Student: 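Before I ask anything, here is the structure I am working with.
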Amino acid sequence: MSGSTYYVTTPIYYVNDVPHIGHAYTSLACDVLARFMRLDGRDVHFLTGTDEHGQKIEKAAAAAGMAPQAFTDKVSQSFRDLLGVMDYSPDNFIRTTEKRHYAACQALWEKLVAAGDIYLGAYAGWYSVRDETYFVEGETEVGQDGKRRATSTGAEVEWVEEPSYFFKLSAWADRLLEFYEKNPRFIGPDSRRNEILSFVRGGLQDLSVSRTSFSWGVPVPGDPKHIMYVWLDALTNYITECGYPDTNNPLWKYWPADLHMVGKDIIRFHCVFWPAFLMAAGIAPPKRVFAHGWWTNEGQKISKSLGNVIDPVDLVKTYGVDAVRYFLLREVPFGNDGDFQKKALVGRMNGDLANAYGNLCQRVLSIVAKNCGEKVPPKGALTEADTALLDRAKGLLTIVRAELDDQAFHKALTSIWEVIADANRYVDAQAPWALAKTDPVRRDTVLWVLAETIRRVTLPVQPFMPDATGRILDQLAVAPADRAFTGFDKELVPGTPLPKPQGVFPRYVEPKAE
RNA sequence: GGCUGGGUAGCUCAGCUGGUUAGAGCACGGCACUCAUAAUGCCGGGGUCGGCGGUUCAAGUCCGCCCCCAGCUACCA
């Protein structure tokens, strides 16, 4: 386990949009995993980036009077800005407009052609000249005048066929089912796995993988009128990063990816199309794809038209990055949809962070500071209560590791906070302030047990709240090198000088004026 | 319509292969304590476990029917 590679990816975000809570959520989950695995000694590669091709971008750029590349240079910046705001730690930020990505896409294409999985056919659909786009049957309706129109735009549509290359996806259904069977962890959570299985069991159609209706994208080798359609372009970024087609590239060691984190809307691309492409090209599919849910805002579906889009930058400004990170991963079972409520966020901030965790640190560290000469107190003989608490804290790393292996962030945090609650109970039961008068030796041991418990609890919280936990570990004088999990069993050494304690998780008080 | 997953305390949810008085967190009420960020701890109220019927010594936990909710049922990133 230690030293082994861990490659985790976010989807590449389409730059047609500005970053919202959904983007932040996906990347946050990846960031926590990446940070955890690094602390756990893994050789981590964490990739995020932007998808910058396609007709929408081409048109948006034209509308802005800009060249497509200049346009995407500009709008992809907001996604790069989010990295700092949310404290993400990617190893690279990939863009589909990079030259190496063109090379990778074209190499993959040629591999698929050589394998006989791509053929030239015709893509047919209901085309709206006005919208310059195709609609599927279900997106259109026939009016009273007998004419068929796009339901969403009201524009008249006509049946059009254009030449297009197809990928023989229909031939891959059985092999995909066999792959799912042999790799039960390939799709998470289980509910999504069921959906994908039933979808593939229902049979697959060949997939149109090129378009001639726009030019902003990767040209098809040997037939540059054709531009690769979204699937082949976007998904390929994951292997572009590793150097494909150069499997001697040092980064190739990270493939196959350990985890593609995605929103539930793009699970099919990742769980059906992508492994089929890869298997057809003789490349190993990723080990796992996990689809998380969506957020609603105070019970309402989020949409631009409703004007209730949640801006992660605003959240961080108001509540702080650690609280936002904690809330998003603690409030909702990861994989489920969740409802974003201010009062729930404030409840978590004040209840879980300020009252339970922050106050535990503060009450313990301030007694230590006042009674133990601003040093780690001496550790005497341990009672049953002492070892019971310490043992629970010692067990956390194994528990959190297992939960994160399943992307069960909420369970990992719940387990940690149970120990925090135990520690608060222990403080009350041991009453070190009373021992100060009767048995200062025992008091010191109690305080040592508490400080050591805080240290053990805090190490696995680091990936979730890197800033606050860093400050707590500073107050315990834990050396940076001992904050990785190799330091988990390095107990606090009595006599180590400690800095003056300071609150780390302030209570959130609603501003007076709204 | 079909498929899948759900309907358990005010809210969010745990309850594995059926077995003592159905649990947790939050919210609410009372008490204790005072080291601490008016924090913490203890106690308590509150549930026809969607409905009806069945199997069983025993069902939230199995079977049948019904009601309700969510997701999926492909070319939009």
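By convention in this document, chain letters (A, B, ...) are assigned in the order of the sequence lines, proteins followed by strands, and residues within each chain are numbered from 1. Treat the numbers as computed from the prediction; the structure is a model and nothing was measured.
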Student: Short question: side chain of A:E452, backbone of A:L492 - any donor-acceptor pair under 3.5 Å?
Tutor: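 Answer holds: yes.
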
Student: Nearest to the side chain of A:Y14, heavy atoms from C-beta on, is which of B:U40, B:A77, B:A74?
Tutor: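 Among B:U40, B:A77, B:A74, the one nearest the side chain of A:Y14 is B:A77.
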
Student: For the P atoms, the ones on B:C42 and on B:C33, what distance do you get once it is rounded to whole angstrom?
Tutor: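 So the two P atoms sit 15 Å from each other.
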
Student: Please give the nucleotide sitting opposite B:A24 as a Watson-Crick or G-U wobble pair, both distances under 3.5 Å, or none.
Tutor: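 Across all strands, the one nucleotide that pairs with B:A24 is B:U12.
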
Student: Taking pairing as Watson-Crick or G-U wobble with both contacts under 3.5 Å, can you name the mate of B:G64, or confirm there isn't one?
Tutor: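 In the structure as shown, B:G64 has B:C52 as its Watson-Crick or wobble partner.
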
Student: Return no unless some side-chain N or O of A:R268 is found under 4.0 Å from OP1 or OP2 of B:C72.
Tutor: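 For A:R268, the contact criterion (side-chain N or O under 4.0 Å from OP1 or OP2 of B:C72) is not met.
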
Student: Measuring to OP1 and OP2 of B:A77, would you say a side-chain N or O of A:Y229 lies under 4.0 angstrom away?
Tutor: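 Checking A:Y229 against B:A77: at least one side-chain N or O falls below 4.0 Å of OP1 or OP2.
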
Student: Please assess A:D439 against A:R443 for the test salt bridge (charged side-chain N to carboxylate O under 4.0 Å, His left out), listing each intermediate value before the final yes or no.
Tutor: CA-CA 6 Å; A:D439 189 350; A:R443 174 204 63 196; over 6 Å; no

Student: Check whether any side-chain N or O of A:K343 sits under 4.0 Å from OP1 or OP2 of B:C11, and answer yes or no.
Tutor: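 So the side-chain polar atoms of A:K343 never come under 4.0 Å of the phosphate oxygens OP1 or OP2 of B:C11.
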
Student: Using Watson-Crick or G-U wobble geometry with both distances below 3.5 Å, tell me the partner of B:U4, or none.
Tutor: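 Pairing partner: B:A70.
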
Student: Within the 4.0 Å heavy-atom criterion, would you say A:V504 contacts the bases, only the backbone, or no part of the nucleic acid?
Tutor: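 Answer is base: heavy atoms of A:V504 come under 4.0 Å of a base.
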
Student: Ring-plane angle category for A:F277 and A:F167, please: parallel below 30°, perpendicular beyond 60°, tilted otherwise.
Tutor: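 Judged by the thresholds at 30° and 60°, the geometry between A:F277 and A:F167 is perpendicular.
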
